[in-house]
2 protein chains.
Amino acid sequence: MTRRPEAAPRAPLSRDRVLRAAVELADGIGIEALSMRRLAQELGVVPMALYKHVANKEQLLDGMVETVVGGIGLPASGPDWRGAVRHRILSARAALLGHPWAAQVIRSRSGPTPAILAHLDSVIGLFRAGGFSVDLTHHVMHALGGRVLGFTQEVFDAAPDPDPAARPAMPPEAAAAYPHVAELAGAAAHDGDSVVGGGCDDQFEFEFALDLLLDGFERLRLQGWTSGARRAGGGLIA
Amino acid sequence: MTRRPEAAPRAPLSRDRVLRAAVELADGIGIEALSMRRLAQELGVVPMALYKHVANKEQLLDGMVETVVGGIGLPASGPDWRGAVRHRILSARAALLGHPWAAQVIRSRSGPTPAILAHLDSVIGLFRAGGFSVDLTHHVMHALGGRVLGFTQEVFDAAPDPDPAARPAMPPEAAAAYPHVAELAGAAAHDGDSVVGGGCDDQFEFEFALDLLLDGFERLRLQGWTSGARRAGGGLIA
DNA sequence: ACCTGAACACCGTTCAAGT
DNA sequence: ACCTGAACACCGTTCAAGT
């Protein structure tokens, strides 16, 4: 019927189309299986055609990050620094949900993309407007770490199988060797949970830690904390 | 003089020697440059010789993790849960210092090695002995996340150049676009610091966040907190 | 029985040849 | 001038041939 026997999409390639296809492909097959060659195949083009739109694979990854982080909504501002920061961080988390490779890729890059800088700038701005000193804001941003972009901070990146029945039970000899882990796993099991990172309520765990930190920040702010108050080996509060 | 003209080491290969060489090589050239072929070359053997001692590269990485995590000292126990947990986590951090690839490799593996399980078990045990319920201990372990193994939780893994003069100054147009980031970077600069993750005092930032969390944990324990007390969108304390 | 070199199926990227 | 296929220097791992 047509002179083009290929069924491949015919839309002309563009940087944006390449990046959106890369994000979709990484979501589908995982970041470790994403290659320039595989991506080109998906787009129905020869591998070298991609190099017209991204200089190399590093730039492709940066562009993918930019695409995802750019999806974070604009900041809510207001007199309540705690609510505003909390909302902005949970927005970042929502934007990165469904792209489990994003945290790993961002951490592996050496520097921030413009969209990341814009996000960090807005969060820092919320702290400053809320009465935090430059000094305290600095340490507070470090304390949030990757959490400011919504990263979960589990020991293992990979989420276990969401079906509890598909997860192997802890064998008796392991339960004997690691009794405290077994106790936690056992108690969590009839909640549909597992050890650390298991089928737990990720959103609850994220907010639990976030709220602990935000409450701690507020206390330090009220105390007028400065880094001159460092005490070796002790707690931050007396 | 000898019938073997090669200068390569002659000690017979063993799993332990392979793992120690791999750790040393990853420390030196970085984890992304560590390959089976490069490691074999370093040991003066043919690549396939490694497969006598590790089944594949995944097992090599697991073994490397085991080697490093196995270096965490035994737990200090005592009546003071806070000091004991703090000491154990800082020991983990010390053991992983100098192996910047370890956090990334551990996170990328799908499950815990025995040494990691042993470490988690000991920390969980300290919380339980300190009067934490199974429920609270569960959420507290999630809140610590990778920090329980001493991971720093920065947005970017790679530490910038420790020499402040070697780090590029923020260009004026970037400072205009991201004024709050620029304010922090400027204030930190005459401390020899940079933005988030820059030449800051990593140990101080780690302990700052750790102490905030430990203080929060202690408050929840004293309150007799249970996860039944979840309140949507609010803080953990009133 | 043991060891190992060649081979396979990849990878990112360069480059020269073809249109 | 533009595009692209072959090629280069890798990679983890299989497998059969050689001792």
Side-chain angles (χ1 to χ4, degrees), chain A residues 3-15 17-19 21-66 101 104-106 108-110 158, chain B residues 3-15 17-19 21-66 101 104-106 108-110 158:
Chain A
R3 276 154 302 184
R4 300 186 259 96
E6 309 87 21
R10 287 284 120 193
L13 231 49
S14 69
R15 184 179 158 85
R17 218 166 79 80
V18 168
L19 295 182
V23 166
E24 197 178 334
L25 189 56
D27 291 348
I29 66 175
I31 192 69
E32 70 289 339
L34 176 79
S35 70
M36 298 296 276
R37 289 164 126 107
R38 182 85 171 71
L39 175 59
Q41 178 190 314
E42 206 73 14
L43 286 162
V45 300
V46 78
M48 285 312 298
L50 300 176
Y51 287 80
K52 289 263 109 102
H53 302 99
V54 290
N56 48 40
K57 195 178 183 183
E58 304 254 292
Q59 268 212 11
L60 176 75
L61 293 173
D62 279 344
M64 292 168 67
V65 167
E66 209 64 358
W101 48 269
Q104 184 187 138
V105 170
I106 291 171
S108 72
R109 317 274 63 226
S110 60
Chain B
R3 276 155 302 184
R4 298 187 261 93
E6 309 86 21
R10 285 286 119 191
L13 231 50
S14 70
R15 183 179 159 86
R17 217 165 80 80
V18 168
L19 295 182
V23 167
E24 197 178 334
L25 190 56
D27 291 347
I29 66 174
I31 193 69
E32 72 287 339
L34 177 80
S35 70
M36 299 296 276
R37 290 166 126 104
R38 182 86 170 71
L39 175 59
Q41 178 190 312
E42 206 74 14
L43 286 162
V45 300
V46 77
M48 284 312 297
L50 299 176
Y51 287 80
K52 288 264 110 104
H53 302 100
V54 289
N56 48 39
K57 194 178 182 183
E58 303 254 293
Q59 268 212 10
L60 176 75
L61 292 173
D62 279 344
M64 291 168 67
V65 167
E66 209 63 357
W101 47 269
Q104 183 188 140
V105 170
I106 291 172
S108 73
R109 316 272 66 225
S110 61

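Numbered from 1 within each chain, the chains take letters A, B, ... in sequence-line order.
A heavy atom lying under 4.0 Å from DNA chain D marks the following residues of residues 50-63 of chain B, by number: Y51(B), N56(B), K57(B).
Note that NZ of K57(A) is 9.5 Å distant from CG of L39(A), once rounded to the nearest 0.5 Å.
In DNA chain C, consecutive stretches of 3 or more Watson-Crick or G-U wobble pairs with both distances under 3.5 Å are given as paired ranges: C:4-8 with D:12-16, C:12-16 with D:4-8.
Every residue meeting the side chain to side chain contact (heavy atoms under 4.5 Å, CB included) condition with S14(B), not counting sequence neighbours, appears here in chain and number order: D16(B), R17(B). Scanning for side chain to side chain donor-acceptor pair (under 3.5 Å) contacts around E66(B) gives T113(B), with sequence neighbours left out. Listed by chain and residue number, nothing satisfies the side chain to side chain contact (heavy atoms under 4.5 Å, CB included) test with E24(B) (two or more places apart in sequence, or in another chain). For E58(B), the salt bridge (charged side-chain N to carboxylate O under 4.0 Å, His left out) test picks out R109(B), with sequence neighbours left out.
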Run the side chain to side chain contact (heavy atoms under 4.5 Å, CB included) test on L50(A) and L60(A) for me, step by step, so that the C-alpha distance in whole Å, both residues' side-chain angles and the decisive distance to 0.1 Å come before the verdict.
CA-CA 9 Å; L50(A) 300 176; L60(A) 176 75; over 6 Å; no

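Contact detail for A26(A) and M64(A): the closest heavy-atom pair is CB-CE, 3.7 Å. A40(A) and P47(A) get closest at one heavy-atom pair: CB-CA, 3.5 Å.
Of all nucleotides in DNA chain D having an atom under 4.0 Å from a heavy atom of chain A, the first and last in 5' to 3' order are dC3(D) to dA7(D).
Counting only heavy atoms from C-beta outward, the side chains of V54(B) and M36(B) approach each other to under 4.5 Å.
The salt bridge (charged side-chain N to carboxylate O under 4.0 Å, His left out) analysis of residues 25-41 of chain A, with sequence neighbours excluded, yields the pairs R38(A)-E42(A).
Residue contacts shown for M36(B) are limited to sugar-phosphate atoms, with no base heavy atom under 4.0 Å away.
The gap from the C1' atom of dT13(D) to that of dT13(C) amounts to 23 Å, rounded to the nearest Å.
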